[in-house]
Amino acid sequence: PYQLRAMTALQDAVRKGLTRFLYEMATGTGKTLTAAAVIIKLFMRTGNAKRVLFLVDRIALQEQALEGFKDYLPDSPIWPQQGEDIFSPDRRIYVTTYPTMLNIIEKKDPYVSPFFFDLIVADESHRSIYNSYKSVLNYFDALRIGLTATPTDRVDHDTFQLFDCEAGIPTFAYSYEEAINHQPPYLCNFE
């Protein structure tokens, strides 16, 4: 049910004309699943996104996201496939690390237009999209969604500001406390 609320919050924000969105969801509540199965699928099905970039900050998260996309969007051509390291412009979903995408943009070989992607999802957006990696988001003219369990509001790392949210108020929030207090719980307390 909270993933459906997340989708409703996004649809409300789109109707208001917003182009940047921030999802704050507790670790283990399915941020990647929500992005893959719900958000990206909806944007593609409605024709609002032809190509999607899903950014992660490390290879392990890239592999996890690729598996999730194969499960929940099996008919969408995804880059990269196993062993593929050359950017291919004929896919619909691109899952890569910030450094890889930054290298593609800077080297311009192959050239990727700033209008290539319609939707960018930044996973772990509280830590990875600052300093030089922020230029990846700034390069592309696309809708942006940030996913995080722990947004920050420091002067030089303000996740809320980066996604045009009011101070401390994401587009959608589902806290750890909400997850463990739900009956039945969606998460268990850790020991």
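Because only heavy atoms are used, hydrogens play no part in the values below, and waters and symmetry mates are left out as well, while side chains stay in.
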Exercise for the section: Please confirm whether the backbone N or O of Lys50 pairs with a side-chain atom of Arg92, one donor and one acceptor, at under 3.5 Å? Expected result: yes

Practice task
Kindly determine whether Thr29 and Leu187 satisfy side-chain contact (heavy atoms from CB on, under 4.5 Å), including the steps that lead there.
Solution key: CA-CA 7 Å; Thr29 58; Leu187 290 175; 3.7 Å; yes

Practice task
Check Val112 against Phe117 and note the closest heavy-atom contact, atom names and distance.
Solution key: CG1-CE1, 4.4 Å

Completion exercise
CD1 of Ile39 to CZ of Phe54, rounded to nearest 0.5 Å, is 9.5 Å

Problem - Contacts of type side-chain contact (heavy atoms from CB on, under 4.5 Å), residue Asp164, not counting sequence neighbours - result: Arg20

Fill in the blank from the handout: Between Leu22 and Pro170, the two heavy atoms sitting closest are O-CB, 3.5 Å

Exercise for the section: Without swapping roles, check the side chain of Thr97 against the backbone of Thr100 for a donor-acceptor pair under 3.5 Å. Expected result: yes

Practice task
Mind checking the CG-CZ spacing from Leu137 to Phe163? Nearest 0.5 Å is all I need.
Solution key: 6.0 Å

Exercise for the section: Using the ring of Phe116 (Phe, Tyr or Trp, six-membered ring only), decide whether Arg51 places NZ or CZ under 6.0 Å from its centre and within 45 degrees of its axis. Expected result: yes

Handout entry: Verdict with reasoning, Leu143 to Phe43, per side-chain contact (heavy atoms from CB on, under 4.5 Å)
Key = CA-CA 10 Å; Leu143 296 171; Phe43 272 88; 3.2 Å; yes

Handout entry: Residue pairs, two or more places apart or on separate chains, that pass salt bridge (Lys or Arg N to Asp or Glu O under 4.0 Å) and touch residues 166-178
Key = Arg5-Glu178

Handout entry: Inter-residue atom distance Glu24.CD - Thr159.OG1, 0.5 Å rounding
Key = 9.5 Å

Exercise for the section: Rounded to the nearest 0.5 Å, what's the gap from CZ on Phe172 to CG on Leu147? Could you check? Expected result: 11.5 Å

Practice task
For the pair Val121 and Ile40, evaluate side-chain contact (heavy atoms from CB on, under 4.5 Å) and give the outcome as yes or no after the intermediate values.
Solution key: CA-CA 9 Å; Val121 180; Ile40 292 172; 4.2 Å; yes

Problem - Test log, rule side-chain contact (heavy atoms from CB on, under 4.5 Å), inputs Leu55 and Thr96 - result: CA-CA 5 Å; Leu55 290 167; Thr96 192; 4.2 Å; yes

Problem - Nearest-0.5 Å distance, CD of residue Gln3 to NZ of residue Lys31 - result: 11.0 Å

Exercise for the section: For residues 75-86, pull every pair meeting side chain to side chain donor-acceptor pair (under 3.5 Å), keeping only residues two or more places apart or in separate chains. Expected result: Glu84-Arg91

Problem - Polar side-chain atom of Tyr23 near backbone of Ala6 as donor-acceptor pair, under 3.5 Å - result: yes

Exercise for the section: Indicate, with yes or no, if the rings of Phe140 and Phe115 have centres closer together than 6.0 Å. Expected result: no

Practice task
Kindly assign one of parallel, tilted or perpendicular to the pair Tyr2 and Tyr174, based on the angle between their ring planes and the thresholds 30° and 60°.
Solution key: parallel

Practice task
Supply the atom-to-atom distance Thr171 OG1 to Leu18 CG, rounded to the nearest 0.5 angstrom.
Solution key: 7.0 Å

Problem - Joint cluster assignment, Tyr94 & Tyr111, ILVMFWY side-chain distance < 4.5 Å - result: yes

Practice task
For Asn48 and Asp118, work out which heavy atoms get closest and say how close.
Solution key: O-CB, 3.8 Å

